[in-house]
Amino acid sequence: MSDVLPRAFFARPVLDVARDLLGCSFTFGGVGGRLVEVEAYRADDPASHSFRGRTARNAVMFGPPGQLYVYFTMGLHFCVNVVCEGEGQAAAVLLRALEPTVGLGAMRRRRGFDDPRRLCSGPAKLTQALAITRDANGLSACGADGPPAGHEGSSRDGDERGPCDDDDPRACFAAREGGVARDPAAWARGAPRIVATPRVGVTAGAATPWRFVDADSVFLSRPLPRAARP
DNA sequence: GACTTGATCCCG
DNA sequence: GGGATCAAGTCC
């Protein structure tokens, strides 16, 4: 089984979570890949859906960390975030692009073409390729916090069993290759070269550089400025 | 630049 | 309550 990131990973400042997610894997229904582009949104940030307080649409953002916040936009697209920080903080990381590694066949069928570079190179492309829609809103995507690895098999406390710690995960984040999901000291280890840029498509807070990308990836939603390229 | 739907806003 | 507004996007 993969090295599933626990809730504690997401219960941190959203800017830290965003950076530490790059290079980690995200799968939904067994389809997904390596995260290469994300954006951070915070409640004190005019670009965030949570900026003006809780509404029916953004309620999940105010819930516990580690859940998916899915919203519908532009009349036809879904975008997916993972909720961060503490319950009530209403911060989240938008998943903007990933490098497809598992379920390429399903992604190609859903997107209607083959080129892996374009399958998940944008937030709404990614949800289409992974078949994420409004029913995934509020879904838990983290493993249970608990004793360190090696102490598995002990009793679960009944209710809150995450979708990732059983054998039929729907949504799941896993640590980087060689990472140790339950060791906070390892969360930043092995990160790719990261470049921060302004977020895409936002009007308020347009200059805030809270978009983080794997600078060496060819799977981004848009190329980096020449100066930032390898 | 068009497309397309619904949550939110603002007025009444 | 109801109409106007505009959106964390994608494709050509």
Side-chain angles (χ1 to χ4, degrees), chain A residues 10 13-19 21-22 26 28 32-33 35-63 65 67-85 89-100 107-139 141 171 173 194-214 217-224:
Chain A
F10 301 98
V14 67
L15 298 180
D16 294 341
V17 178
R19 302 175 68 96
L21 274 175
L22 292 177
F26 174 68
F28 184 84
L35 292 166
V36 297
E37 177 177 338
V38 299
E39 285 176 359
Y41 289 88
R42 235 168 46 179
D44 64 348
D45 153 25
S48 177
H49 289 168
S50 57
F51 183 64
R52 289 173 181 82
R54 179 179 181 134
T55 65
R57 178 214 210 188
N58 65 20
V60 171
M61 285 186 83
F62 291 79
Q67 296 191 337
L68 300 186
Y69 164 51
V70 180
Y71 67 88
F72 181 71
T73 190
M74 298 298 184
L76 63 163
H77 298 303
F78 293 101
C79 295
V80 63
N81 302 247
V82 59
V83 176
C84 297
E85 305 194 355
Q89 293 302 115
V93 172
L94 171 68
L95 310 184
R96 285 194 55 91
L98 59 77
E99 171 181 344
M107 292 193 217
R108 289 179 164 131
R109 178 163 32 81
R110 291 164 182 162
R111 297 274 295 130
F113 59 83
D114 283 350
D115 182 2
R117 294 196 186 196
R118 291 167 42 226
L119 287 175
C120 298
S121 58
K125 301 177 184 180
L126 187 156
T127 58
Q128 187 189 6
L130 273 56
I132 295 172
T133 63
R134 52 183 1 101
D135 3 296
N137 191 39
L139 190 69
F173 291 89
I194 296 171
V195 168
T197 80
R199 295 167 293 185
V200 176
V202 302
T203 49
T208 308
W210 287 356
R211 168 177 176 253
F212 302 98
V213 307
D214 170 351
S217 176
V218 297
F219 297 90
L220 304 180
S221 68
R222 56 190 58 193
L224 281 175

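Every heavy atom of this structure was used, including side-chain atoms; hydrogens, water molecules and symmetry mates were not. Note on naming: letters A, B, ... go to the chains in the order of the sequence lines (proteins, then strands), and numbering restarts at 1 for each one.
Listed pair A/R111 / C/dC11 meets the phosphate criterion, a side-chain N or O lying under 4.0 Å from OP1 or OP2. Phosphate proximity of C/dG9 to A/R96: present, with a side-chain N or O under 4.0 Å from OP1 or OP2.
Remark: C/dA8 base-pairs with no nucleotide in the shown strands. Criterion, Watson-Crick or G-U wobble with two distances under 3.5 Å.
Ring geometry for A/F173 against A/F26 counts as tilted: the plane angle lies between 30° and 60°, on a 0 to 90° scale.
We find that NE2 of A/H49 is positioned 9 Å from P of B/dT8, with the value rounded to whole Å. We find that CD of A/E37 is positioned 12 Å from C1' of C/dG9, with the value rounded to whole Å. A straight line from CZ of A/F51 to C1' of B/dC9 spans 15 Å, rounded to a whole angstrom. To the nearest angstrom, C1' of C/dC6 lies 11 Å from CZ of A/R57. If you measure from atom CZ of A/R222 to atom P of C/dA8, you get 14 Å, rounded to the nearest angstrom. Taking atom CZ on A/R52 and atom P on B/dT8, their separation rounds to 11 Å, with Å as the unit. Remark: P of B/dG6 and CZ of A/F72 are 6 Å apart, rounded to the nearest angstrom. Atom CZ of A/F78 is separated from atom P of B/dA7 by 11 Å (rounded to the nearest Å).
When the P atom is compared between B/dC10 and C/dA8, the two are found 16 Å apart, to the nearest whole Å. For the C1' atom pair drawn from B/dC9 and C/dG9, the interatomic distance equals 22 Å after rounding to whole Å.
Mapping A/L76 and A/R134 onto DNA chain B by nearest heavy atom places A/L76 closer to the 5' end of the strand. If you find the closest nucleotide of DNA chain C to A/A47 and to A/F113, the one lying nearer the 5' end belongs to A/A47.
Side-chain to base pairing of A/Y71 with B/dA7: no donor and acceptor N or O lie closer than 3.5 Å to each other.
The shortest non-hydrogen separation linking A/G32 to A/M107 is O-CE, 3.3 Å.
Panel note: side chain A/R111, backbone A/R118; a donor-acceptor pair is recorded below 3.5 Å.
Among the heavy atoms of the strands, none lies under 4.0 Å from A/R199.
Between A/D115 and A/R117 there is no salt bridge, since none of the side-chain N atoms of the basic residue sits less than 4.0 Å from a carboxylate O of the acidic one.
Looking at A/T197 and A/R211, their side chains do bring a donor and an acceptor atom within 3.5 Å of each other.
Candidate nucleotides B/dT8, C/dC11, B/dT5 were compared by shortest atom distance to the side chain of A/T55, and B/dT8 ranks first.
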